[in-house]
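Along the sequence shown, residues are numbered consecutively beginning with 1.
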Amino acid sequence: MSNDKAGEGKPSKHIRLTSHPGQQGSNGSPIIHWGAGSASERGPVIGTTTNRSQRNVIGTHSGSYGVYRALAVAAGNLVKGHRADLTNTSPTDLIGPHPQWCDAEKMVSIDPWGASVADVFSDHIAQGYDVRPTIAVTKAHIDLPEIHHALTFHRLIPDNRIFLENGSAVVTKVAIEPVWWLPGVAKRFNVSESDLRRNLFEETGGMYPELVTRSDLEVFLPPIGGQTLYIFGNPKDLANPEVTLTARVHDECNGSDVFGSDICTCRPYLTHAIEECIRGAQQGGVGLIAYSRKEGRALGEVTKFLVYNARKRQLGGDSADKYFLRTECVAGVQDMRFQELMPDVLHWLGVQKIHRLVSMSNDKYNAIVGSGIDVGTRVKIPDELVPADAQVEIEAKIAAGYYTDGAVPDETSLASTKGRDLDG
């Protein structure tokens with residue numbers, strides 16, 4: 001809708017479409033030059049709806065939370081056109097700039113300047129442009145029962161710098177919203193930009209017509225979840241290949257990560273990685289957990305639960321030899337996480353080498369190494385941390401090529417590895 005006032009100070013009910021040139025981002029709004037050598041050359045990302053003539057992207061900030069914002073406006077709880085007061089919101093730790101920020105090949109899904117817009121785009125803001133951060137950096141303590149267990153059994157010793165006497169750990173937290181440069185995303189997936197745009201348009205039910213009508217707009221703010229980083233130690237050390245980096249790139253699993261469901265290894269592997277990150281930081285290194293919202297292999301939680309039922313009810317019960325088959329039968333594909341975009345966050349941090357990668361996934365390893373980041377040792381989940389019902393998952397993954405320093409199960413072993421039934 002237009003922001004013009006119509007009679008008695010009320011907002012106009014006129015709906016102004018933005019699907020054609022001349023309706024959006026054509027009245028002197030900054031042009032985005034992705035991969036430029038500085039913030040001023042690159043230009044700000046403006047996805048706010050307060051002034052449509054300023055917008056220079058497709059979509060809006062906050063991903064799927066934009067829908068909640070719309071509900072708040074519709075319900076009268078949020079004043080349409082509210083502008084964020086960014087006083088005292090600046091990052092607690094400055095990240096970069098790093099050489100990778102000015103390389104359009106290295107980052108196509110993150111705005112590298114997204115945490116510092118109040119500084120690097122202060123002139124635009126002073127001119128009235130509604131530029132908002134897409135990255136926030138803060139400090140916190142995290143407190144997990146598994147880490148308390150490590151304290152109790154003296155696997156971790158408090159140092160009152162990284163790990164405190166009360167069993168909590170000191171971290172720097174970073175929240176990142178996705179910002180996609182469509183030409184670069186298309187190249188990562190080896191498809192044409194026009195095909196990418198058309199499929200994004202069609203598979204979102206025509207939600208963003210600008211994808212197919214506005215080829216002049218190259219940046220898209222997709223309606224998806226972002227990433228959260230947890231850094232143990234000095235964030236500046238992440239860019240120093242001489243400082244030992246322990247890292248895990250973890251994809252969301254609400255059932256296990258939050259509620260401790262034992263059908264998979266997600267929470268045990270995550271908490272093990274946190275313990276390794278704390279230990280590494282205490283020894284003079286730095287630790288990193290990169291957590292991505294890709295629930296159920298990016299298939300979604302409903303699909304994941306449907307697959308659980310199919311696995312448990314199939315003839316012969318839940319077995320490792322049919323682990324991937326049941327997912328593909330329900331979803332049409334085994335996995336939609338597609339790690340091609342994942343290394344971007346590592347390049348944003350300036351990472352050049354991961355000395356200890358706490359992951360068994362070859363997809364993640366190959367994506368990281370393929371992006372030019374060196375990887376030293378790979379760390380598998382300890383056998384004793386794998387829940388009984390998750391043996392089906394871990395055996396199937398190892399047989400499919402996941403990293404292991406142990407034996408690879410054969411077909412007979414896979415068929416005999418069983419999970420409990422639904423009533424078990």
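- Ring pair F220/W180 is perpendicular by interplanar angle, where above 60° counts as perpendicular and below 30° as parallel.
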message: As a quick check of understanding, evaluate side-chain contact (heavy atoms from CB on, under 4.5 Å) for T134 and H61, giving each step before the final call.
response: CA-CA 7 Å; T134 57; H61 291 300; 3.7 Å; yes

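- The environment of NZ in K380 is crowded: more than 12 heavy-atom neighbours from other residues, nucleotides or ligands sit within 6.0 Å.
- For H355 (side chain) and P241 (main-chain N/O), a donor-acceptor pair under 3.5 Å exists by modelled atom type.
- At distances below 3.5 Å, at least one donor-acceptor pair connects side-chain atoms of S256 with backbone N or O atoms of R267.
- Outside the 6.0 Å centre-distance limit, the rings of Y403 and Y365 are not counted as a close aromatic pair.
- The shortest heavy-atom contact between T246 and G280 is OG1-CA, 4.4 Å.
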field: Stepwise side-chain contact (heavy atoms from CB on, under 4.5 Å) check, F189 with L196
entry: CA-CA 9 Å; F189 285 89; L196 174 65; 6.0 Å; no

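- The CD atom of E193 lies 5.5 Å from the CG atom of L182; values are rounded to the nearest 0.5 Å.
- E177 contributes atom CD, which lies 10.5 Å from atom CZ of R132 (distance to the nearest 0.5 angstrom).
- Taking 4.0 Å as the cut-off between side-chain N and carboxylate O, K312 and D421 do not count as a salt-bridged pair.
- Of the possible donor and acceptor atoms, none in the side chain of E210 sits under 3.5 Å from a partner among the backbone N and O of T213.
- Aromatic ring orientation, W101 versus H98: perpendicular (interplanar angle above 60°, classes split at 30° and 60°).
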task: Report the C-alpha distance between R420 and D262 in whole Å, list the side-chain angles of each, state the deciding distance to 0.1 Å, and finish with yes or no for salt bridge (Lys or Arg N to Asp or Glu O under 4.0 Å).
output: CA-CA 11 Å; R420 65 172 184 272; D262 67 348; 2.9 Å; yes

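- Within the model, atoms CZ of R248 and CG of L357 stand 8.5 Å from one another, a figure rounded to the nearest 0.5 Å.
- With hydrogens and angles disregarded, a donor-acceptor distance shorter than 3.5 Å links the side chain of Y269 to the backbone of I381.
- Using modelled atom types and a 3.5 Å distance limit, the side chains of H250 and D257 yield a donor-acceptor pair.
- Note that the OH atom of Y402 and the NZ atom of K397 stand 4.5 Å from one another [nearest 0.5 Å].
- Each of D318, D321, D389 was checked for a salt bridge (charged side-chain N to carboxylate O under 4.0 Å, His left out) with R311, and the lone residue meeting it is D318.
- The backbone N or O of V45 sits nowhere less than 3.5 Å from a side-chain atom of W113 that would complete a donor-acceptor pair.
- When each of I95, V179, I110 is paired with I135, the side chain to side chain contact (heavy atoms under 4.5 Å, CB included) condition holds for I110 and for no other.
- Side-chain N or O atoms of T60 include one that pairs as donor or acceptor with a backbone N or O of G47 at under 3.5 Å.
- The environment of L385 atom CG is dense: over 12 non-hydrogen atoms of other residues, nucleotides or ligands sit within 6.0 angstrom.
- No donor-acceptor contact under 3.5 angstrom links the side chains of T48 and Q54, judged on distance only.
- Applying the 6.0 Å contact sphere to CD of E41 captures more than 12 heavy atoms from other residues, nucleotides or ligands.
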- request: Mind running salt bridge (Lys or Arg N to Asp or Glu O under 4.0 Å) on D111 and R42 for me, showing each step along the way?
  value: CA-CA 10 Å; D111 174 10; R42 206 291 307 276; 2.8 Å; yes

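- Proximity of P268 to V386: side-chain heavy atoms (C-beta onward) are nowhere separated by under 4.5 Å.
- S38 and S40 share a side-chain donor-acceptor pair at under 3.5 Å.
- Between E340 and N190 there is no side-chain heavy-atom pair separated by less than 4.5 Å.
- Here the side chains of I224 and P178 are in contact, with some heavy-atom distance below 4.5 Å.
- A distance-only check finds no donor-acceptor pair linking the side chain of Q391 to the backbone of G419 [under 3.5 Å].
- Between the side chains of T49 and R69, no donor-acceptor pair of N or O atoms lies under 3.5 Å.
- Annotation: D410, atom CG; neighbour count of heavy atoms from other residues, nucleotides and ligands within 6.0 Å is above 12.
- Using modelled atom types, one finds a donor on one side chain and an acceptor on the other under 3.5 Å when comparing D251 with Q339.
- Counting only distance, with no hydrogens or angles, the side chain of D143 and the backbone of S168 share no donor-acceptor pair below 3.5 Å.
- The two residues V57 and I46 come nearest to each other via the heavy atoms CG2-O, 3.4 Å.
- Across all non-hydrogen atoms, the minimal contact from G285 to V243 is CA-CG1, 3.7 Å.
- Here the side chain of K364 pairs no donor or acceptor atom with the backbone of S359 at under 3.5 angstrom.
- K139 has a carboxylate O that lies under 4.0 Å from a charged side-chain N of D93, or vice versa, which qualifies the two as a salt bridge.
- Side chain of K418 to backbone of G316: a donor-acceptor contact under 3.5 angstrom is found.
- To the nearest 0.5 Å, atom CG of residue D130 and atom CZ of residue R55 are 10.5 Å apart.
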message: Is there a side-chain contact (heavy atoms from CB on, under 4.5 Å) between F259 and N254? Walk through the geometry before answering.
response: CA-CA 7 Å; F259 293 98; N254 182 65; 3.6 Å; yes

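- The closest side-chain donor-acceptor pair between D195 and S192 falls under 3.5 angstrom.
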- prompt: Yes or no on side-chain contact (heavy atoms from CB on, under 4.5 Å) for E301 and E295, after CA distance, side-chain angles and deciding distance?
  reply: CA-CA 6 Å; E301 201 163 37; E295 176 62 59; 3.9 Å; yes

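- Among all heavy-atom pairs drawn from W348 and P112, the shortest one is NE1-O, 3.1 Å.
- Under 3.5 Å, the side chains of R293 and T228 contain a donor-acceptor pair of N or O atoms.
- Side-chain contact of N51 with R83: a donor-acceptor pair under 3.5 Å is absent, judged by distance alone.
- Judged by distance alone, the side chains of E218 and W181 do bring a donor and an acceptor atom under 3.5 Å apart.
- Looking at every heavy atom in both residues, I354 comes nearest to A247 through CG2-CB, 4.0 Å.
- Taken from CG in D159 to CD in Q283, the straight-line distance is 11.0 Å, to the nearest 0.5 Å.
- With respect to R188 and D344, a salt bridge is recorded, a charged nitrogen being found less than 4.0 Å from a carboxylate O.
- Taking every heavy atom of both residues into account, T327 and R297 meet most closely at OG1-NH1, 3.6 Å.
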